[in-house]
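Note sheet for the following structure.
Per chain, numbering begins at 1; letters A, B, ... match sequence-line order. Heavy atoms only: backbone and side chains are in, while hydrogens, waters and symmetry mates are out.
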Protein chains: 2
Amino acid sequence: MATVTITDVAAKAGLSIKTVSRVLNREPNVTEKTREKVLEAARALDYQPNLSARSLAGSRSFLIGLFFDNPSPAYINDVQLGAVSRCRESGYHLTIEPVDTTAPDLERTVRGVISTLRLDGVILTPPVCDDERVLRALEAHGTPFVRIAPDLQPDRAPRVGMDDERAAFEMTLNLIELGHRRIGFIKGHPDHGATHLRLDGFLRAMARHGLTPRPEDLMQGWFSSQSGFECAEAMLERPDRPTAIFASNDDMALGVIASANRRRIVVPDELSIAGFDNTPAAVTVWPHLSTVAQPIFQMAAAACDLLISRAANSPGQEGPTARLMDFEIIMRDSTAAPDDG
Amino acid sequence: MATVTITDVAAKAGLSIKTVSRVLNREPNVTEKTREKVLEAARALDYQPNLSARSLAGSRSFLIGLFFDNPSPAYINDVQLGAVSRCRESGYHLTIEPVDTTAPDLERTVRGVISTLRLDGVILTPPVCDDERVLRALEAHGTPFVRIAPDLQPDRAPRVGMDDERAAFEMTLNLIELGHRRIGFIKGHPDHGATHLRLDGFLRAMARHGLTPRPEDLMQGWFSSQSGFECAEAMLERPDRPTAIFASNDDMALGVIASANRRRIVVPDELSIAGFDNTPAAVTVWPHLSTVAQPIFQMAAAACDLLISRAANSPGQEGPTARLMDFEIIMRDSTAAPDDG
DNA sequence: GTCAAAAATGATAGCGCTGTCATAACTGAT
DNA sequence: ATCAGTTATGACAGCGCTATCATTTTTGAC
């Protein structure tokens, strides 16, 4: 209620508002003594700058937008937490903009948001990060954006991500080293970039050990637990079923576990199951799911960082930045050596 | 990039900027013809109002804040979607502010956010909605807020929620009508308001049928799947175990299913399980979980509504508004009549 | 037609900041 | 001391809107 303005601070400190502004914005050419005086006055008055005024007068809005369509809640949650944590440090705020990629007026919606809010930057998560209309709208408006785990045209704009191929490769290697030879693989949604990379990693690990998966052990899922369940049903009803199934995300792996439970197939004794993503649900089932943990929080924080430093400093680099973060293979209770050695 | 201002629209329409402003803000006293002219000019120019300017000049910021600590990602996701959907309709935007209720400087953080952003309203989810420091900061600043499912002091401020007691009551009734007499109940986190209400509903339904749960069938959980698992382990290892377990949220119910699976207890033939919340995970397990669906999306939308209409119009009512939404009992595959009839 | 009342429109002053440019205060070499 | 070359500070315009109040136009009763 008590609205303290920069003018009040200036009066209290006995300086001009411009000098106060300089201190608050960490601009150069301010004496240490002056700095102190301003800071103390601001503290005493509990001064809070008015974002609208800063935004209107200056070139920054201190607002970062997070555009997402519909990844899993857990994923989005991590992204938000990561982004906000970095925003907080720099006085930025996060506005969330769920985006319906199937909406016909998507482009004008996006244009509306970025020009109304004058966002300093936008974070794009899959699958929005691969939507041509969104990218075009952002580029046309000149709004900086960072894509998280984009599929297509990786060098079109700055991005952060992780090495899905290598993660799938290593998880598969783990399975093979446990002694598995017949390993089933459930692919993800074909429109999702990670889908192909994870499959590639799986195949590379198999090939490195001279293993060629049979066609019926390579199934097409949709990243939903239902699709994982259905693929598992098909694979598990055959007498020569795989001894391990690697589902390319946790939801599908959960479907596999559900199918195994239904068929009284003991996990991991009779069937090893691995997932990908390390969702909270992975430790909610029994047995706990072996999976790949993506550093989602860190990726989002890095994305934010890119946006904020870009907004603050001038650009000046040559090609778009790309930051690859480390994943982590987490072996829990759903994987073990196969029965028949 | 091409920044179209209200002045441009006014010039194009051959009117003053004030008249354009009136049309855009749906103020009265504008001829239909004038209205048309303004709207057409705005459309032709693809005019997008500048939120910062509107906020600085006027009394509204068009920003709603969502404060949350750490409910489940699925819950938060629904809240966000519900809130944003309503914000969109009214030209508002949502900024998210994760709040750490254990942080010592919580109060000044909250104060900083609301005065910097000049939020038109704030939505509080559990457990933030019961944090005294947050409530005090909001009240002191005079920022309108709506609490979702508050526990303490329900009439301290406007709120939306649902009737947890009656939902638990009805679910329990369903279980009893299936033929269950010995029903285990797993309580939630004691600090959470819903915990007591759900227990009350359970007990009332049991009492109505002359049933008194034995103390060892009334267990203390913490809303985590791990705690559900542990409670189930204790209940299921007894020879006279319950024929049904009602866990007061889905995560714990998932823990119960995990325990049953581990013990080769067939669900629902040998054990019925019911949850509460209808999280996505409820249909990720096998068998699919019977549960209570909270209208989270609608609650958040209603909360937003309250804030926006309050921001637009003057207040003028007497007591704080309270809106109770309808729940839905969803009976899926984890519940059935008991074996022994 | 006349006139007051009501409705529609416009001129103008800020909102609280930042950016630009001018001014003042310090340097240190001569 | 003197003067350029810095460095530190301040005056003031204006960002794009809304609010207030003045002005013009329309309306309806007589």
Side-chain angles (χ1 to χ4, degrees), chain A residues 1-39 41-42 45-63 91 112 114-118 120 311-312 314, chain B residues 1-39 41-42 45-63 91 115-118 120 311-312 314:
Chain A
M1 216 66 291
T3 306
V4 179
T5 73
I6 198 172
T7 310
D8 300 326
V9 178
K12 174 122 189 164
L15 293 159
S16 74
I17 57 169
K18 180 63 218 186
T19 301
V20 174
S21 170
R22 264 191 275 261
V23 172
L24 266 20
N25 288 291
R26 294 185 174 71
E27 284 173 33
N29 299 337
V30 177
T31 316
E32 187 53 33
K33 219 171 73 187
T34 308
R35 232 182 91 75
E36 289 297 338
K37 258 196 292 190
V38 170
L39 255 21
L45 263 29
D46 192 26
Y47 167 72
Q48 303 289 158
N50 179 324
L51 260 216
S52 301
R54 294 233 272 173
S55 167
L56 183 58
S59 54
R60 293 174 298 169
S61 68
F62 298 93
L63 248 30
I114 55 188
S115 48
T116 294
L117 252 25
R118 281 182 171 49
D120 283 347
S314 286
Chain B
M1 216 69 288
T3 306
V4 179
T5 73
I6 197 171
T7 310
D8 301 326
V9 177
K12 174 120 185 167
L15 293 157
S16 75
I17 59 169
K18 179 61 217 185
T19 300
V20 174
S21 170
R22 264 192 277 259
V23 172
L24 265 21
N25 287 291
R26 294 186 176 68
E27 283 173 32
N29 299 337
V30 177
T31 318
E32 186 53 34
K33 218 170 76 186
T34 311
R35 231 181 92 74
E36 289 296 336
K37 259 196 292 191
V38 170
L39 256 20
L45 262 30
D46 192 26
Y47 167 71
Q48 304 288 157
N50 179 324
L51 259 216
S52 302
R54 294 232 272 174
S55 167
L56 183 57
S59 54
R60 294 174 297 171
S61 69
F62 297 93
L63 249 31
S115 50
T116 294
L117 253 23
R118 280 174 171 55
D120 283 346
S314 285

inquiry  = Please report the distance, rounded to the nearest Å, between CZ in B:Phe62 and C1' in D:dT18.
reply    = 10 Å
query = Could you state the CD1-P distance from A:Ile6 to C:dG19, rounded to the nearest angstrom?
reply = 11 Å
note = Among the nucleotides C:dC17, D:dT9, D:dG16, whichever has the atom closest to the side chain of A:Leu15 is D:dT9
request  = Would you sort out whether B:Tyr47 and B:Leu24 count as a side chain to side chain contact (heavy atoms under 4.5 Å, CB included), showing the intermediate values?
outcome  = CA-CA 11 Å; B:Tyr47 167 71; B:Leu24 265 21; 3.4 Å; yes
task = Provide, to the nearest angstrom, the distance between the CD atom belonging to A:Gln48 and the P atom belonging to C:dC17.
result = 11 Å
message = Could you tell me if the side chain of A:Asp46 sits less than 4.5 Å from the side chain of A:Val4, heavy atoms only?
response = no
query = So does B:Ser16 get a side-chain nitrogen or oxygen closer than 4.0 Å to the phosphate oxygens (OP1/OP2) of C:dG10?
reply = yes
inquiry  = Can you confirm whether A:Arg118 sits close enough to B:Thr3 that some side-chain heavy atom of one is under 4.5 Å from a side-chain heavy atom of the other?
reply    = yes
Closest listed nucleotide, where the reference is the side chain of A:Lys18 and the choices are C:dT18, D:dC17, C:dA11 = C:dT18
note = Heavy-atom nearest pair, B:Val9 first then B:Val38, reads CG1-O, 4.1 Å
inquiry  = Can you identify which nucleotide, out of D:dG10, D:dC17, C:dC17, has its nearest atom closest to the B:Asn50 side chain?
reply    = D:dC17
request  = State, yes or no, whether a side-chain contact exists between A:Ser21 and A:Ile6 at a heavy-atom distance under 4.5 Å.
outcome  = yes
Euclidean distance, atom CD1 of residue A:Ile17 to atom C1' of C:dG19 [Å, nearest integer] = 11 Å
Cut-off 3.5 Å, no hydrogens considered: what does the side-chain donor-acceptor table look like for residues 27-34 of chain B, sequence neighbours left out?
none

ask   = Nearest-Å distance, CG (B:Leu51) to C1' (C:dC17)?
value = 17 Å
request  = Take atom CZ of B:Arg60 and atom C1' of D:dC17, then tell me their distance rounded to the nearest Å.
outcome  = 12 Å
inquiry  = Using a strict heavy-atom distance below 4.0 Å, which residues from residues 19-37 of chain B are in contact with DNA chain D?
reply    = B:Ser21, B:Asn25
ask   = Whole-Å distance between D:dT18 P and B:Arg54 CZ?
value = 5 Å
task = For A:Arg60 and A:Asn25, run side chain to side chain contact (heavy atoms under 4.5 Å, CB included): C-alpha distance rounded to whole Å, both residues' side-chain angles, the deciding distance at 0.1 Å, then the answer.
result = CA-CA 12 Å; A:Arg60 293 174 298 169; A:Asn25 288 291; 3.5 Å; yes
